[in-house]
Amino acid sequence: MIEFKDVTKSYPGSDTPALADFSLQMEHGEFIFLVGPSGAGKSTLIKLFFREQLPTEGQILFDGKNIATFEKAALLKHRRQIGMVFQDFRLLKQKTVFENVAFALEVLGKSAKEIQEKVPLALAKVGLADKGSSFPAELSGGEQQRVGVARALVKDPLILIADEPTGNLDRDTSWQLMELFETINQGGTTVIVATHAWDVVDRMQKRVISLEAGHLNRDEKRGSYRDEH
Amino acid sequence: MNINSLKYCLRQSVVSLKRNFWLAVVTSCIIAVSLAILGGFLLMAVNAGQLIRNVESNVEIGVFLYADADVSAVQKQINSLEGVNSVTFVSKDEGLVTFSNSLGDPALLAGLKGEDNPLPDAYRVKATDTALVAGLAESIRAMPGVEMADYGEELVGRILKITGWLNTLFVGISVLLALGAVFLIVTTIRLSVMARLEEIGIMKYLGASDWYIRFPFLLEGMAMGWVGTLVSTIALGLAYSKLATSLRQDAFAFFIRPVTSVEQLAPIFVGLLLLGTLMGGIGSLISVRKFLRV
Ligand SMILES: Nc1ncnc2c1ncn2[C@@H]1O[C@H](COP(=O)(O)OP(=O)(O)O)[C@@H](O)[C@H]1O
Ligand SMILES: [Mg+2]
């Protein structure tokens, strides 16, 4: 369980906090959309949970433990159970698709044998089983993002977090990607997606957490992008 | 850090070294030169130390008499001085034999026997204590019939003076060069870090440990240091053994016996190897700390 308790995050040099007195609970296995206008604090929320940033005030608990207190080893363990997907894909151009996905296991010190086993499985899950030897530049945007998802998935994370993963994709491709996330969530992985793709949010009827200027503005179990009341 | 990670780090270092190949070569060369100079200085210091010790432990006053001196009177006077341990008479004929033997070829001076012998009669005087040598030499010099009394004070003084100067010079030069080398390592590693900035950013999100990210750069720096040191120690070793051999065969350098004992030389060469590796490591640590926020 992920719990934000009265979290405030102020970046140095800006007078309004990116998150202000923010509280929230997320359960294992949930599918959650983070919505809200640009600058609302979605990325900040994600960075705080990944502990890329520390909260100015308040606590973030993961399974009851305050993640701010994690020492090196515990922090690595925390981060290793989170798979990250980015708007700009962040693939390595000089590596093939296979190598990009393998990289996620390499940096964890996994054996060549394990890499040979797991990478094809991850590529198959995202529907790119036959693209292993291609380079990112040879793929469409949607395919590149699937490589990003495969790289996040290959280490079997507890939680998959995607920050505007469809920001650079067209509508059909976005929809397919969201369906992929739903499949992954059905396998038991918690999925958190920050997005502007309102039509997808409306259609999928998942939990929607809406932020506005650093405040929690709406939290609905089967919500839509905009407030309907 | 397991064996898979180690393999990865090694591979990364090799890739980086290849990418910055010429810079790495130049850096290694500078390290080699600075360490060779430092090593040359250390070898010289070891040899000078041995030379001084040789001279000091054999302090013996050589007393040379005028041709018309009263040999037995002088001996009596010397014996009466306080602090004299032994007095050995070396006749001019014995002196000639010793000298020609020391030249390695007795035949060389064969023509100078008897009346033609240019050497004076002499005494070799040993003191009971090295501290008394200077005073004894002084008293002996004042005796009638004594042309000179010498115990190599000038030699010791000159060796000390020269090595003092050279010490400062060599240490200064090698410190400057070492600083330059470390700076070059910092630059090379910085380039490697810059070339991999995107990759490093991704690695952090993938949960790579700080050490996993840093280690390839550390290896890269140490490899440059190590190559440089290897080159310099090999060059220095060859040059030194050549010099030592030719000194041994040189009749006019018979008083210089180069140090060849492994116990004395090994620490120098091992020390240089460690130092070069350390310089590489320190240079890359500086660079990684400065340019790699992990
Ligand atoms: N590293 C940062 N330094 C300073 N201000 C930041 C930083 N990151 C985000 N902000 C500010 O915090 C606020 C929230 O940003 P962000 O969390 O990126 O919002 P969102 O992802 O919802 O668009 C914005 O006003 C943004 O300008
Ligand atoms: Mg954002």
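Predicted model, so just to flag it, every value in this text is computed and none were measured. So you know, we letter chains A, B, ... as the sequences are listed, proteins then strands, and number each from 1.
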Heavy-atom pairs under 4.5 Å with chain B: which of A:Lys95, A:His78, A:Lys77, A:Lys110 has the most? A:Lys110
Any Lys/Arg nitrogen of A:Lys206 or A:Glu30 sitting under 4.0 Å from an Asp/Glu carboxylate oxygen of the other? no
Just by distance, no angles: are the side chains of A:Asn168 and A:Gln87 close enough, under 3.5 Å, to form a donor-acceptor pair? yes
Heavy-atom donor-acceptor pair, A:Gln144 side chain to A:Pro136 backbone, under 3.5 Å: yes
What residues form a ring-ring contact (aromatic ring centres under 6.0 Å, His included) with B:Phe269, not counting sequence neighbours? none
Taking heavy atoms only and a threshold strictly under 4.5 Å, list by residue number the residues of residues 37-63 of chain A that touch chain B; give 'none' if the list is empty. A:Phe50, A:Glu52
Per-residue contact mode, B:Tyr8 against chain A (heavy atom under 4.5 angstrom): side chain
Test item: side-chain donor near acceptor, A:Asn66 and A:Thr69, under 3.5 Å: no
Members of residues 148-158 of chain A whose heavy atoms come closer than 4.5 Å to chain B: A:Arg151, A:Lys155
Can you give me every donor-acceptor pair (side chain of residues 114-128 of chain A, partner residue at least two apart or in another chain, under 3.5 Å) with its distance?
| from | atom 1 | to | atom 2 | distance (Å) |
| --- | --- | --- | --- | --- |
| A:Glu114 | OE2 | A:Lys118 | NZ | 3.0 |

Ion pair present between B:Glu199 and B:Arg196, side-chain N to carboxylate O less than 4.0 angstrom? yes
Determine yes or no for a side-chain-to-main-chain donor-acceptor pair under 3.5 angstrom, with A:Glu143 supplying the side chain and A:Ser140 the backbone. yes
